[in-house]
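Ligands are counted one by one from 1 in listed order, and the atoms in each one are counted from 1 as well.
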Amino acid sequence: MRTFMIGGGMIAHDQILPSLYQLKRLGRVEGIEICDRRKESLDALLNAPLLNEAFPDQKFAPRLESYEECLAGLAPEQLAVVALPDALHYKAVMAALRADQHVLCVKPLVLTVAQAEEVEHEARERGLMVGIEYHKRFDDRSLMARRRYRAGLFGEFKLGTASLLEKWYYRYSNFQNWFTCEATDAFTYIGCHYVDLVAFITGLLPVEISVYGMKDRFPNGNEGWLWTDARVIWSNGACLNVQNALGFPDAAPGTNTQGLNMYCSNGETGAWINHDDQYRGMQYCYTRHPGGDGANVYNEPSPDYFQYVNVGGPGLTPVGYGYRSVSYIVERALELQGLGLAERRAKLKEFDDAGVMATPENSRYNEAVVEAARKSVLGGGCPVKFA
Ligand SMILES: NC(=O)c1ccc[n+]([C@@H]2O[C@H](COP(=O)([O-])OP(=O)(O)OC[C@H]3O[C@@H](n4cnc5c(N)ncnc54)[C@H](O)[C@@H]3O)[C@@H](O)[C@H]2O)c1
């Protein structure tokens with residue numbers, strides 16, 4: 001199976017491309033092409049020091065034509081990987097499906113329920129897979145909590161808090177050009193991870209949201225909802241509070257701060273799930289600044305998301321749930337290779353029902369949450385029901 005990636009920016013560099021390189025190294029995928037409308041993005045990936053150190057044995061084929069032109073030349077039922085900014089996902093995913101490609105799309109799939117339904121319909125008609133890359137699902141702690149929750153060990157979720165705050169320096173990046181009040185807000189950008197995770201662990205569905213936002217100015221003068229506090233109500237009446245911002249201090253250790261705290265009960269006694277997703281037990285103090293945005297002399301690195309280890313070469317081997325998540329989706333697409341339409345549809349139903357890989361069918365609540373969240377934040381934090 002060949003892979004064709006659309007968009008070669010930050011997430012391509014940090015997670016998706018090295019995962020595909022490793023899968024190519026292991027013989028799980030064949031060629032890797034990347035199409036980007038900016039030559040600088042492709043050059044940056046081709047010359048990225050870390051990627052070249054880790055994968056001296058791998059290369060991708062850069063494509064500067066439009067993705068529509070590239071898709072037209074692909075054999076059917078290969079894998080298109082969509083890694084574009086959020087607002088461009090819908091058009092690219094639909095183009096890939098119409099070109100008869102399976103799809104791996106970075107989160108969020110699309111921004112409205114109507115678009116998600118269209119994607120689902122197109123994929124079902126053609127017997128194609130759409131896997132949405134919510135990598136926190138592949139963090140073992142999420143899978144552990146899910147298994148124990150579903151075995152009844154925690155009773156039922158009642159109250160929770162989650163937070164994910166990116167560092168202040170994000171305000172100086174390209175974010176200041178697109179992260180404006182009309183386009184998005186801190187919850188819409190990163191809050192979706194923990195809403196998806198609570199649904200993934202518990203099987204409950206979100207039904208109502210209110211998002212209180214505070215506006216703040218980027219260095220270029222643009223205004224964005226850079227601080228948000230969301231209250232998400234669930235199908236059993238439970239309540240999850242989610243705080244998000246581009247505002248965690250640059251001087252703090254780690255690349256951001258994040259975590260999930262859930263209080264549960266079986267009616268007779270309380271139960272508790274607490275995940276510190278930033279501090280994972282490691283403390284490093286270097287002799288000098290290690291380089292890189294958001295890094296510090298004192299650091300608390302996460303060994304769990306995406307790291308490179310040297311296990312004898314060639315180059316370095318990627319490890320962590322970022323790699324496992326991409327690998328899982330690629331393996332599902334491989335299972336579909338060579339099957340007829342009816343067999344593919346049966347397999348796709350199995351994937352939907354298993355609920356491990358997010359699909360348009362089994363994670364449509366994410367689009368409903370984002371759509372309602374935008375209404376709420378623009379409406380001054382009013383509650384918006386969507387189920
Ligand atoms: N934690 C996560 O799950 C996570 C983290 C980061 C990013 N993301 C998601 O990844 C996506 C991409 O984010 P990013 O940070 O890599 O963005 P980015 O801006 O760094 O990269 C996007 C790339 O797409 C290219 N592009 C834009 N329009 C194009 C077009 N029409 N055709 C071809 N290329 C085009 C740009 O030139 C750029 O190189 C977003 O949806 C984001 O939400 C997810």
* **Per-atom contacts of ligand 1 with R38, taking only distances under 4.0 Å to non-hydrogen atoms** => 37 (O), 39 (O)
* Asked: Nearest protein heavy-atom contact for atom 25 (C) of ligand 1: which residue, which atom, what distance?
  -> D36 OD2, 3.2 Å
* Counting only heavy atoms on the protein side, is anything nearer than 4.0 Å to atom 19 (O) of ligand 1? -> no
* Residues R280, D276; criterion salt bridge (Lys or Arg N to Asp or Glu O under 4.0 Å); working and verdict -> CA-CA 7 Å; R280 295 187 181 230; D276 183 340; over 6 Å; no
* To do: State whether the side chain of E361 and the backbone N or O of D353 hold a donor-acceptor pair below 3.5 Å, judged by distance alone.
  => no
* With no hydrogens and no angle check, is any side-chain donor or acceptor of R150 less than 3.5 Å from a backbone partner on A145? -> no
* Structure fact -> Of all protein heavy atoms, the one nearest atom 43 (O) of ligand 1 is D86 OD1, 2.7 Å
* Ligand-residue contact atoms, ligand 1 with V106, heavy atoms, under 4.0 Å -> 9 (C), 10 (O), 11 (C), 41 (O)
* Asked: So which protein heavy atom does atom 22 (C) of ligand 1 come closest to, and at what separation?
  -> P85 CD, 3.7 Å
* To do: Return yes when H89 approaches ligand 1 closer than 4.0 angstrom through a heavy atom, no otherwise.
  => yes
* Asked: Looking only at protein heavy atoms, which one is nearest to atom 31 (N) of ligand 1, and how far off is it?
  -> Y67 CE2, 4.0 Å
* For ligand 1, the portion of A83 having any non-hydrogen atom under 4.0 Å away -> backbone
* **Contact check: R37 vs ligand 1, nitrogen or oxygen atoms, below 3.5 angstrom** => yes
* Quick one: look up the protein heavy atom nearest atom 21 (O) of ligand 1 and list residue, atom name and how far away it is. => G9 CA, 3.2 Å
* Tell me which protein heavy atom sits closest to atom 15 (O) of ligand 1, plus the residue, atom name and distance to 0.1 Å. => M10 CE, 3.4 Å
* Asked: Has ligand 1 got any nitrogen or oxygen that is less than 3.5 angstrom from a nitrogen or oxygen of L84?
  -> yes
* Structure fact -> Numbered in order shown, the ligand 1 atoms found under 4.0 Å of a heavy atom of G7 are 24 (O)
* Below 3.5 angstrom, do we get any N/O pair linking I11 and ligand 1? -> yes
* To do: Look only at the side chain of H89 and the backbone of P108, and say whether a donor-acceptor pair between them is shorter than 3.5 Å.
  => yes
* Geometric cation-pi criterion, R332 with Y328: 6.0 Å, 45° -> yes
* Is it true that the NZ or CZ of K107 lies under 6.0 Å from the centre of Y189's six-membered ring and within 45 degrees of the ring axis? -> yes
* Give a yes or no on whether the backbone of C192 and the side-chain of D196 come within a donor-acceptor separation of less than 3.5 Å. => no
* Asked: Taking distance alone, with no angle check, do S41 and ligand 1 share an N/O pair under 3.5 Å?
  -> yes
* To do: Determine, using ring centers only, whether Y305 and Y321 are less than 6.0 Å apart.
  => yes
* Do any nitrogen or oxygen atoms of H193 come within less than 3.5 Å of a nitrogen or oxygen of ligand 1? -> yes
* Nearest protein heavy atom to atom 44 (C) of ligand 1, by residue and atom, and its distance? -> K107 CE, 3.5 Å
* To do: Answer yes or no on whether R146 is positioned over the face of F200, meaning its NZ or CZ is under 6.0 Å from the six-membered ring centre and within 45° of the axis.
  => yes
* For ligand 1, is there an atom lying under 4.0 Å from some heavy atom of H135? -> yes
* Between D139 and K136, is there a donor-acceptor pair closer than 3.5 Å when you use the side chain of the first and the backbone of the second? -> no
* Pair Y170, Q176: side-chain N/O donor-acceptor within cut-off below 3.5 Å -> no
* Structure fact -> In R324, R28, K347, the residue satisfying salt bridge (Lys or Arg N to Asp or Glu O under 4.0 Å) with E331 is R28
* **ligand 1 versus I190: contacting region, heavy-atom distance under 4.0 Å** => neither
